[in-house]
**Q** 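Dropping the structure in here first, questions after.
Sequence lines set the chain letters: A, B, ... in the order given, protein chains first and strands last, and positions in each chain run from 1.
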2 protein chains.
Amino acid sequence: MVAEIEHKITDSEWEVMRVVWAQNKVTSKEIIEVLQQKKDWKPATTKTFIGRLVNKGMLETETEGKKYLYSSKVSEGDIIKSSLNDFYNNICSREVGNTIAYLLSNATLSFKDIDILEKILETKKKDAVEEVPCNCVPGQCKCSEHGYSNCNSDHCNSNHSNEHQG
Amino acid sequence: MVAEIEHKITDSEWEVMRVVWAQNKVTSKEIIEVLQQKKDWKPATTKTFIGRLVNKGMLETETEGKKYLYSSKVSEGDIIKSSLNDFYNNICSREVGNTIAYLLSNATLSFKDIDILEKILETKKKDAVEEVPCNCVPGQCKCSEHGYSNCNSDHCNSNHSNEHQG
DNA sequence: GGTTTAAGTTTACATTTGTAATCGACTTTT
DNA sequence: AAAAGTCGATTACAAATGTAAACTTAAACC
């Protein structure tokens, strides 16, 4: 189970977190410098996001002698997982396979990555299904019913599906 | 290349789009009914989202005789891809493999899905790399440097990485 | 030791998002 | 034809987000 992440993280907050994750413990000055370079943010802007992340419980502070050091309270992997879970709540369950295929196609992977993925894929064969159930609308997506002749949903695998695919 | 999606789509807007995708052409009444069931939204709320989606150019309207029919101007797959691209801009390139592994592990897949994924994975072997480059911070993530002894980033594969992993 | 500087905290403000009521123009009903 | 219902459009408003200046306090410097 993935650690519970209380709040969603915004795009801007991601940027800050990445700097922290990349170095474990950092001063605000370091974060500010990196993001001034990378995102052209004014120092004040970065400060705001740091503050919000502390409030959200994503970052914690520690006073080393005189100065503040920021570190992350949540791992990058956990936030990624939490964000993806949120995202996957939005999409049709039938799109999951396509989605992974798309990601896979466009990814830069290491040999080790590929190795791991192959193994996982192998185990997935055991619980593969004939047709992934659709969860789009309560009464189920109409495209899975026969005779519905103008479905243009991507996940529709009826033979009518490519008649008018933008 | 994925179709350019002008605007980001919000969680609430996803819900509306899903109803439209599931049925191709729908009246507002149908959308409202589904989302009243599924999300307990007041009709006015759904109307707002429909309106915003029309403004964003995601939905288009057509008057069949007397009444409005809404249909999607963008395919579900394209929006998913666009959203995932946005998301992947936020995460470390080294996390991509892990991410796909996570998704794969938790996915419900069809036999066909698995088949496709296997083939893609096979082709990925050709351009696999020894170590995926990190894109977290301009000067590269410190965890890839030797001697940096307190990196707790998930993607750090130095041997010090599990000393204090929350 | 007073002044400059650095850094965390407060305040500011425009946009976007979530959530919804109300308005205005048709349509349908009586 | 007047009343009532539909439905798209307009308006409302709080919370979240992007972006940043100002304030405050403590440290550093001359």
**Q** Rounded to whole Å, please give me the gap between CD1 in A:I50 and P in C:dT10.
**A** 15 Å
**Q** If we only count heavy atoms from C-beta on, is the B:L84 to A:N106 side-chain gap below 4.5 Å?
**A** no
**Q** Rounding to a whole Å, what distance do you find between B:L53:CG and D:dG8:P?
**A** 14 Å
**Q** Within the structure provided, determine whether A:W14 and B:N89 are in side-chain contact (heavy-atom separation under 4.5 Å).
**A** no
**Q** Between B:W41 (CH2) and C:dA21 (C1'), how many Å, whole number?
**A** 17 Å
**Q** Using atom CG of A:L35 as one end and atom C1' of D:dT19 as the other, report the distance to the nearest whole Å.
**A** 13 Å
**Q** What is the separation between atom CD on B:E15 and atom C1' on C:dG18, rounded to the nearest whole Å?
**A** 13 Å
**Q** Side chains of A:I31 and A:F49: does their closest heavy-atom pair fall under 4.5 Å?
**A** no
**Q** Examine C:dG18: is either OP1 or OP2 under 4.0 Å from a nitrogen or oxygen in the side chain of B:T10? Give yes or no.
**A** yes
**Q** Without decimals, in angstroms, what is the distance between A:D86 CG and C:dT17 P?
**A** 16 Å
**Q** Among D:dA20, C:dA20, C:dT17, which is the nearest nucleotide to the side chain of B:K56?
**A** C:dT17
**Q** Quick one: which of C:dA7, C:dT19, D:dG8 gets closest to the side chain of B:S28?
**A** D:dG8
**Q** So how far is it from A:Y70 OH to A:L59 CG, rounded to the nearest 0.5 Å?
**A** 8.0 Å
**Q** Closest approach to the side chain of B:Y68, judged atom by atom: which nucleotide of D:dA9, C:dG18, C:dT19 is it?
**A** D:dA9
**Q** Ignoring hydrogens and angles, answer whether the base of D:dT19 and the side-chain atoms of A:R52 contain a donor-acceptor pair closer than 3.5 Å.
**A** yes
**Q** Which listed nucleotide (D:dG18, C:dG18, C:dT19) is nearest to the side chain of A:S12?
**A** D:dG18
**Q** For the pair made of CG in A:N55 and P in D:dA15, what is the distance, rounded to whole Å?
**A** 16 Å
**Q** Is the closest side-chain heavy-atom distance between A:W21 and B:C92 below 4.5 Å?
**A** no
**Q** Side-chain contact, heavy-atom cut-off 4.5 Å: A:E15 with A:V34?
**A** no
**Q** Name the residue from B:K56, B:R52, B:H7 that meets the side chain to side chain donor-acceptor pair (under 3.5 Å) definition with B:E13.
**A** B:K56
**Q** Kindly point out which of D:dT19, C:dA20, C:dG18 is positioned nearest to the side chain of B:D11?
**A** C:dG18
**Q** Rounded off to whole Å, could you give me the CD1-to-P distance for the A:I32 and C:dA7 pair?
**A** 7 Å
**Q** For B:T45, answer base if it contacts any base atom (sugar-phosphate contacts may also be present), sugar-phosphate if it contacts only those atoms, and nothing otherwise; contact means non-hydrogen atoms under 4.0 Å.
**A** base
**Q** Is it true that A:R94 and B:E76 make a salt bridge, defined as a side-chain N closer than 4.0 Å to a carboxylate O?
**A** no
**Q** Counting side-chain heavy atoms from C-beta on, which of D:dA12, D:dA20, D:dC7 comes nearest to B:K47?
**A** D:dC7
**Q** Can you give me the bend angle of the helix from C:dG1-D:dC30 to C:dT30-D:dA1? Use the axis through the first five pairs and the one through the last five, nearest 10 degrees.
**A** 10°
**Q** Using heavy atoms to find the nearest nucleotide of DNA chain D for A:K8 and A:T48 separately, return the residue whose nucleotide is more 5′.
**A** A:K8
**Q** Could you please name the option among D:dA21, C:dT19, D:dG18 that lies closest to any side-chain atom of B:F49?
**A** C:dT19
